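For reference, the structure is listed below as structure tokens.
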Amino acid sequence: MIAAALAFAATAARAEPMHGIAMHGEPALPAGYTHFPYANPDAPQDGSVTYGVVGTFDSLNPFVLKSMRTTARGIWDPEFGNLVFESLMVRSRDEPFTMYGLLAETIETDDERTWVEFTLNADARWSDGVPVTPEDVIFTYEILTEKGRPPFNRRMARIERIEKTGERSVKFYLNDQADREFPLLLALTPVLPAHATDVDNFEGATLDPPVGSGPYLVESVEPGARIAYRRNPDYWGRNIPAKRGFDNYEQITVEYFRDTTARFEAFKKGVFDIYPESDPIKWETAYDFPAVTDGRIVKQTFGTGRPQRMLGFFFNTRREVFADARVRESLAMLFDFEWVNANLFSGRYTRTGSFWQNSDELSALGRPADEREQALLAPFADAVQPSVMDGSYAPVVTDGSGRDRAVLRRVVQKLGEAGYAIEDGRMVRDGEPLSFEILLGTVPGASQNEIERMALSYQTTAGLIGVDIAVRGVDDAQFQQRRQTWDYDMVAGSLSASLSPGGEQVWRWGSESRDPEGTFNYAGAADPAIDAMIAAMVDAREREDFAAAVRALDRVLISGHYVVPLYHLGEDWVAHWSHIEHPPEPPLYGYQLPVWWSTRTE
């Protein structure tokens, strides 16, 4: 007992308040940094910007399950910026995973990260002028645990208790379910105002403008059509280092459109200002209208150091038809990427094969498992296919004909191993046909038209061996509702990739996220090997161990054949009206809209 007490005291003595915290190593920026390298602290602070999105909204509360997919963009938004609500700390997009002070000016933790303490900035205020307090932080965890959506409602499971330790400080004591990443996730959690939150009605959708601590106020709302934000003239954080060069518009508007065609036509007319493009043919051929040719619209290509997102058709393994990995592997082989790429996209795309594609450090594709990976995977001998383990695996390559007989024969043979056979032109097992539906909607990284064309091509190829695929496109609201309640056989989906994957992988692939509605476990994965690799990843102290755990997870996911992978691009394309400008060099994760600005005053 005495030795333990002395050890604890020594650990506590070593801990000291820090301006930032990195998942591995130390923050790149020193305590006296003035701004993030990718932000321009002298950017103009006037003007306005309008964004355009496909979909609808009926709520301004992004933290509850009922409205998690129909909340107005911008309230809590990694793309456009967290305009209304803020977190204790903010992530630098120029480092794999490092947090710097925002609502909290410092963070303190022990070497084992068994506790973490935040000291709030003395100037932090809600938009109604009330100070942000430790009580607000504690209240946030209480209400999100009781009434919030994943992953917020599950974070208390890793916390022993939360304690106010001073006028501006709050301390989290963590239990044995927490890992080394968890303090950073606590720092990322939005903070809600205890005095201005309707607890009784928190779970419902609302259009009442919220009280937040962020740089903008909700100015006007037209449900499903438009939301406008106005800069808060009394915003408390405009001069802290993590916010210099951000939030450069006086007004931000988000316009909603029914589909990508209507959205593009509106952009051409100047209804909104910035258009990220993902279609290579469209990028080359559709931008020949006057605003581009006379320079009023600028086309730009941005490099990025981040891994590419996984865009694909996700098998719902909760459905019996996809319970067998052999069936999933066979069906994935049926997607004729070579034909699709040549005939629909003029050969401009690259096939995706890894969940961390284009990262030499994190992707397992084309790389044999090293000793670290082998040790992690040793208890799960059947979790990784030999070709994935030795680095020889690659997605099937066809002859591009749309009916590659050699590939089709291999698929029929593999399906035969799972008990299927062709009878009267149909693929059946025990008299039941192999049939399923692909649910289509708007997903990041591809237009609705692109997704539909690929699904129809997949349907045609599958039909050659008697596999019956139905393709169903639905509106955005129905798509999001069905996807978050697992009401589909196969679904179009997209998962972003990070240089520092961590706890979010639990909500994409972990066993505990298989059944609760509203997680991002589209495939319904529940595998002890996946859980173990995620645990090793978030517990790793050294970058080498971390990278090995990510590659091992990649191998397990690839071997599970949970997705029919589609394609990726190695760069970002953005068209924007010429009054919109940005810093000259994008950060590690690619261009960041919150640091752009307008040279056109209102």
Side-chain angles (χ1 to χ4, degrees), residues 11 14-15 18 20-28 89 91-92 95-99 107 109-116 151 155 157-159 172 174-188 305-307 354-365 367-380 383-384 388-389 391 495-513 525 527-559 588-589:
T11 300
R14 287 197 301 270
M18 303 174 291
I21 184 172
M23 182 61 196
H24 302 103
E26 299 296 327
M89 307 186 81
R91 186 172 185 170
S92 168
E95 301 173 54
F97 193 7
T98 301
M99 305 292 295
I107 181 174
T109 186
D110 63 328
D111 187 57
E112 299 297 325
R113 297 188 181 177
T114 61
W115 57 266
V116 59
R155 288 186 177 163
R158 305 188 199 182
I159 300 170
F172 294 78
L174 310 181
N175 61 31
D176 58 7
Q177 295 185 48
D179 49 53
R180 292 188 58 78
E181 185 196 42
F182 193 56
L184 282 75
L185 299 183
L186 295 178
L188 271 174
R306 70 178 183 273
S354 163
F355 291 83
W356 285 272
Q357 188 85 29
N358 285 3
S359 171
D360 293 338
E361 181 188 32
L362 302 182
S363 174
L365 206 63
R367 176 175 182 162
D370 64 17
E371 292 182 358
R372 288 184 176 89
E373 296 172 70
Q374 292 174 24
L376 288 170
L377 292 166
F380 310 98
V384 178
V388 179
M389 199 73 171
L495 294 176
S496 61
S498 165
L499 289 166
S500 186
E504 81 283 351
Q505 300 301 314
V506 174
W507 305 108
R508 297 178 177 188
W509 303 107
S511 297
E512 65 182 282
S513 65
D527 184 337
I530 293 177
D531 297 338
M533 297 311 109
I534 294 174
M537 180 178 66
V538 297
D539 284 332
R541 291 195 173 205
E542 303 299 328
R543 184 71 187 182
E544 293 81 2
D545 293 332
F546 168 79
V550 177
R551 292 194 300 272
L553 175 61
D554 198 25
R555 295 183 200 279
V556 176
L557 295 178
I558 292 170
S559 300
L588 183 64
Y589 277 92

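Quantities reported herein were computed from a predicted structural model and do not represent experimental measurements. Residue numbers start at 1 and run along the sequence shown.
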So which heavy atom on [X] is nearest to which on [Y], and how close?
X: A22; Y: T98; result: CB-OG1, 3.5 Å
X: P501; Y: V550; result: CG-CG2, 3.8 Å
X: N175; Y: A157; result: ND2-O, 2.8 Å
X: R180; Y: D539; result: CD-O, 3.5 Å
X: G502; Y: I534; result: O-CG2, 4.5 Å

How long is the gap from [atom1] on [X] to [atom2] on [Y], to the nearest 0.5 Å?
X: R155; Y: L188; atom1: CZ; atom2: CG; result: 7.0 Å
X: E371; Y: L376; atom1: CD; atom2: CG; result: 12.0 Å
X: L495; Y: F355; atom1: CG; atom2: CZ; result: 7.5 Å
X: F182; Y: I159; atom1: CZ; atom2: CD1; result: 4.0 Å
X: I558; Y: D554; atom1: CD1; atom2: CG; result: 4.0 Å

[X] (side chain) donor-acceptor with [Y] (main chain) under 3.5 angstrom:
X: E95; Y: S92; value: no
X: S354; Y: S363; value: no
X: D531; Y: S511; value: yes
X: Y589; Y: S498; value: no
X: S513; Y: V506; value: yes
X: H24; Y: A540; value: yes

Side chains of [X] and [Y]: closer than 4.5 Å at any heavy-atom pair?
X: W356; Y: L499; result: no
X: T114; Y: F172; result: no
X: Q357; Y: L365; result: yes
X: P151; Y: L185; result: no

Between [Y] and [X], does any NZ, NE, NH1 or NH2 come within less than 4.0 Å of an OD or OE carboxylate oxygen?
X: R541; Y: D111; result: yes
X: R372; Y: E542; result: no
X: E181; Y: R113; result: no

For A529, side chain to side chain contact (heavy atoms under 4.5 Å, CB included) partners two or more places apart: F380, A383, D527, V556
Taking side chain to side chain contact (heavy atoms under 4.5 Å, CB included) as the definition, give me every residue that meets it alongside A369, ordered by chain and number, with sequence neighbours left out. E373, Q374, M389, R555
side-chain contact (heavy atoms from CB on, under 4.5 Å) between I107 and V116, intermediate numbers included: CA-CA 7 Å; I107 181 174; V116 59; 3.6 Å; yes
Can you list the residues that meet the salt bridge (Lys or Arg N to Asp or Glu O under 4.0 Å) rule with D179, with sequence neighbours excluded? R158
Give the intermediate values and the outcome of side-chain contact (heavy atoms from CB on, under 4.5 Å) for residues L557 and M533. CA-CA 10 Å; L557 295 178; M533 297 311 109; over 6 Å; no
From the options R306, R551, R543, select the one residue that forms a salt bridge (Lys or Arg N to Asp or Glu O under 4.0 Å) with E361.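 Among R306, R551, R543, the one meeting salt bridge (Lys or Arg N to Asp or Glu O under 4.0 Å) with E361 is R543.
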Say whether S500 and R91, considering side chains only, have a donor N or O and an acceptor N or O under 3.5 Å apart. no
